[in-house]
Amino acid sequence: MHRLLLVFLAAAGASVLGLPRLDVSAAAPCRAPLQWEGRWVMYDHSTGRNSRSAVSYDGLKQRIRVLQQNKKHTPCQKFFEYIYLYQSMVMFQIDQKTKDCSKVALTEAWDPYDVPDNSTFEDQYFIGGPSDNVEVQEWSDRKPARQHESWVGVYTVSDCYPVQETYTRNTSVTTSTRFFNLQLGISDPDVFTPPSTCQSARLERMSEC
């Protein structure tokens, strides 16, 4: 599965809360929203860095806009806007301060934020305490012939919003992404349109620091 991309808080599972466990045979992957906006924190396990961003996700037109958030305590002084257009297989990287732009070819196909039909059900549990919990399901790409997962996704039971995704691309590269403050729809479709400075974009990616 995915991408750019990711397991959540220790599973305060149903057994811990004294709640009945879900019958695994009855579990079926939910259908995630096709368009949403919100924020995420992406943690790269190989570098130990967290990247906080505002995100607009459009599964209908296969595009994502990521706006890095400027945190004063972050050692890197550059912050970028990224526009991923998978139908055109290009990514635009825009320096938020100078508006310099790079245009880079995407090498991986579109991989939506959802639960694939062939996913393996892992668990169902509540996040948070007794008065403010959210029920989620955990899925993975684990198969009987493979011992370890390369993708684990946590999605809410009620509306199938992404909560966390963890990816392991090889033994040394793992990324975890936490999603929050999600809202349905795209408030401004223009965020997927690169600025005019991208008309003369460089063809190599800019350094992030």
Side-chain angles (χ1 to χ4, degrees), residues 1-6 31-114 151 153 155 159-167 169 173-209:
M1 208 196 151
H2 301 42
R3 53 265 256 169
L4 317 123
L5 9 109
L6 310 121
R31 299 299 177 187
L34 292 174
Q35 292 182 321
W36 50 260
E37 293 179 323
R39 297 170 59 198
W40 73 27
V41 177
M42 183 177 293
Y43 176 68
D44 187 325
H45 295 246
S46 62
T47 64
R49 290 189 59 190
N50 279 303
S51 177
R52 301 175 182 274
S53 306
V55 181
S56 298
Y57 171 82
D58 184 2
L60 294 174
K61 296 186 178 180
Q62 299 182 356
R63 53 189 185 174
I64 302 174
R65 184 253 198 164
V66 177
L67 185 66
Q68 289 184 328
Q69 295 181 321
N70 189 334
K71 296 293 184 181
K72 293 182 179 179
H73 58 269
T74 304
C76 182
Q77 297 301 308
K78 291 185 178 180
F79 294 88
F80 294 97
E81 174 184 5
Y82 296 91
I83 301 175
Y84 298 84
L85 305 176
Y86 280 88
Q87 290 185 347
S88 302
M89 290 302 292
V90 296
M91 182 272 285
F92 292 93
Q93 179 193 26
I94 303 104
D95 188 308
Q96 293 185 34
K97 184 177 181 180
T98 66
K99 302 304 178 184
D100 288 344
C101 182
S102 291
K103 180 180 180 181
V104 181
L106 292 172
T107 58
E108 296 185 5
W110 168 255
D111 194 359
Y113 286 103
D114 64 4
W151 166 78
Y155 282 74
D159 297 303
C160 203
Y161 283 111
V163 175
Q164 171 143 345
E165 289 200 348
T166 299
Y167 278 91
R169 297 192 179 277
V173 179
T174 300
T175 56
S176 297
T177 303
R178 293 180 285 121
F179 304 81
F180 49 97
N181 292 351
L182 301 190
Q183 297 185 14
L184 282 177
I186 303 297
S187 59
D188 181 10
D190 289 340
V191 298
F192 299 106
T193 302
S196 58
T197 53
C198 289
Q199 294 178 1
S200 56
R202 67 187 72 187
L203 300 181
E204 67 279 352
R205 185 167 182 152
M206 289 179 277
S207 171
E208 295 188 358
C209 291

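Keep in mind the model is a prediction, meaning the values are calculated, not measured. No hydrogens, no waters, no symmetry mates; every other heavy atom, side chains included, goes into these values.
Under the 6.0 Å cut-off for aromatic ring centres, Y57 and W110 qualify, their centroids lying closer than that.
Taken to the nearest 0.5 Å, the CG atom of D114 stands 6.0 Å off from the OH atom of Y155. Note: E81 CD to Q93 CD = 11.0 Å, rounded to the nearest 0.5 Å. Here the straight-line distance linking atom CG of L67 with atom CD of Q69 works out to 7.5 Å at 0.5 Å rounding. The structure places CG of D190 at 11.0 Å from OG of S56, a figure rounded to the nearest 0.5 Å. If you take OG on S207 and NZ on K78, they are separated by 5.5 Å, rounding to the nearest 0.5 Å.
Summarising the geometry of L34 relative to L60, their closest heavy-atom pair is CD1-CD2, 3.3 Å, with the distance given to 0.1 Å. The minimum heavy-atom distance linking M206 with F80 is given by the pair CE-CE2, 3.8 Å.
Evaluation of the ring-ring contact (aromatic ring centres under 6.0 Å, His included) rule for Y43 yields H45 as partners, not counting sequence neighbours. With sequence neighbours excluded, no residue forms a side chain to side chain donor-acceptor pair (under 3.5 Å) with Q68.
Here D44 does not pair with R49 in a salt bridge; the nearest charged N to carboxylate O distance is not below 4.0 Å.
By the 4.5 Å heavy-atom criterion applied to side chains, E37 and S187 are counted as neighbours. Between W36 and V55 there is a side-chain heavy-atom pair separated by less than 4.5 Å.
For T98 (side chain) and D100 (main-chain N/O), a donor-acceptor pair under 3.5 Å exists by modelled atom type.
Crowding of Q183 atom CD: a count of heavy atoms from other residues, nucleotides or ligands under 6.0 Å not exceeding 12.
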